[in-house]
Visitor: 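Shown below is the structure under consideration.
If you're wondering where the values come from, they're calculated on a predicted model, not measured in any experiment.
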Amino acid sequence: HVQLVESGGGSVQVGGSLRLSCAASGYTYTAYCMGWFRQGAGKEREGVAAFYVDGSRNYYADSVKGRFTISQDIAKNTLYLQMNSLKPEDTAMYYCAAGGGSGFVCRAYTVTMLGWRGQGTQVTVSS
């Protein structure tokens with residue numbers, strides 16, 4: 001079992017930046033893929049970013065490519081999402097997720113299928 005706790009959300013103006021954190025604990029070594037997804041009010045879940053835990057490559061949704069960066073601090077067992085040049089359409093609850101296994105195709109669009117997820121942190125971007 002893996003526990004994930006997000007933090008770092010808040011309210012910013014258009015063009016601002018935020019860094020989300022996700023503290024992982026438990027059997028984190030069993031996770032094959034980690035990432036972030038978001039869900040705005042009245043919208044479907046959208047995978048935002050993902051990477052294979054072995055650090056081989058990062059993947060991003062087209063809507064955030066060039067603005068968001070996913071990273072991890074292995075020593076702290078923490079996942080990050082640096083969000084720059086924020087837009088009103090980035091307003092959503094952001095969740096980190098982990099899981100998958102050998103054979104799982106780890107991409108931004110598959111993050112919503114990962115088995116473990118946190119409680120979310122709200123990001124609001126105002127113009």
Visitor: Please say whether more than 12 non-hydrogen atoms of neighbouring residues, nucleotides or ligands are located less than 6.0 Å from CD in Glu89.
Guide: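 Atom CD in Glu89 is packed in, count exceeds 12.
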
Visitor: Supply the atom-to-atom distance Thr121 OG1 to Met93 CE, rounded to the nearest 0.5 angstrom.
Guide: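 Nearest 0.5 Å value for the OG1-CE distance: 7.5 Å.
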
Visitor: Got a donor-acceptor contact below 3.5 angstrom from the Ser85 side chain to the Arg67 backbone?
Guide: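 Side chain of Ser85 to backbone of Arg67, a donor-acceptor pair under 3.5 Å: no, none is there.
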
Visitor: When you measure from the side chain of Thr91 to the backbone of Val125, do you find a donor-acceptor pair of N or O atoms at a distance under 3.5 Å?
Guide: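 Side chain of Thr91 to backbone of Val125: a pair is present.
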
Visitor: If you look only at distance, which donor and acceptor atoms sit under 3.5 Å apart when one is on a side chain in residues 6-17 and the other is two or more places apart or in another chain?
Guide:
{"unit_1": "Glu6", "atom_1": "OE1", "unit_2": "Gln119", "atom_2": "N", "d": "3.0"}
{"unit_1": "Glu6", "atom_1": "OE1", "unit_2": "Gly120", "atom_2": "N", "d": "2.9"}
{"unit_1": "Glu6", "atom_1": "OE2", "unit_2": "Cys96", "atom_2": "N", "d": "2.8"}
{"unit_1": "Glu6", "atom_1": "OE2", "unit_2": "Gly118", "atom_2": "N", "d": "3.4"}
{"unit_1": "Glu6", "atom_1": "OE2", "unit_2": "Gly120", "atom_2": "N", "d": "3.4"}
{"unit_1": "Ser17", "atom_1": "OG", "unit_2": "Asn84", "atom_2": "OD1", "d": "2.9"}

Visitor: Measuring from Ser71:OG to Leu79:CG, what's the distance to the nearest 0.5 Å?
Guide: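 That separation rounds to 7.0 Å.
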
Visitor: Which residue pairs satisfy the salt bridge (Lys or Arg N to Asp or Glu O under 4.0 Å) criterion with at least one member in residues 31-42, sequence neighbours excluded?
Guide: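 Pairs touching residues 31-42 that pass the test: Arg38-Glu46, Arg38-Asp90.
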
Visitor: Lys65: what forms a side chain to side chain donor-acceptor pair (under 3.5 Å) with it, not counting sequence neighbours?
Guide: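 By the side chain to side chain donor-acceptor pair (under 3.5 Å) rule, Lys65 matches Asp62.
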
Visitor: Honestly curious: do Tyr60 and Leu20 fall in one hydrophobic cluster under the side-chain, below-4.5 Å linking rule?
Guide: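 Tyr60 and Leu20: one cluster.
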
Visitor: Is the Tyr59 to Phe51 ring centre distance short of 6.0 Å?
Guide: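 Centroid separation for Tyr59 and Phe51: 6.0 Å or greater.
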
Visitor: Do Tyr32 and Phe37 share a hydrophobic cluster, counting only Ile, Leu, Val, Met, Phe, Trp and Tyr and linking them when any side-chain heavy atoms are less than 4.5 Å apart?
Guide: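 Tyr32 and Phe37: one cluster.
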
Visitor: Can you tell me how far OG of Ser127 sits from CG of Leu86, rounded to the nearest 0.5 angstrom?
Guide: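 The distance works out to 13.0 Å.
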
Visitor: Is Met83 linked to Leu4 within one hydrophobic cluster, defined over Ile, Leu, Val, Met, Phe, Trp and Tyr using a side-chain heavy-atom separation of less than 4.5 Å?
Guide: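 Per the 4.5 Å side-chain linkage, Met83 and Leu4 are co-clustered.
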
Visitor: Start with the C-alpha distance between Tyr95 and Trp36, add both sets of side-chain angles, then the distance that settles side-chain contact (heavy atoms from CB on, under 4.5 Å), and finish with yes or no.
Guide: CA-CA 6 Å; Tyr95 301 85; Trp36 294 87; 5.8 Å; no

Visitor: For the pair Arg45 (side chain) and Val111 (backbone), establish whether a donor and an acceptor sit closer than 3.5 Å, ignoring hydrogens and angles.
Guide: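 Checked: no pair found.
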
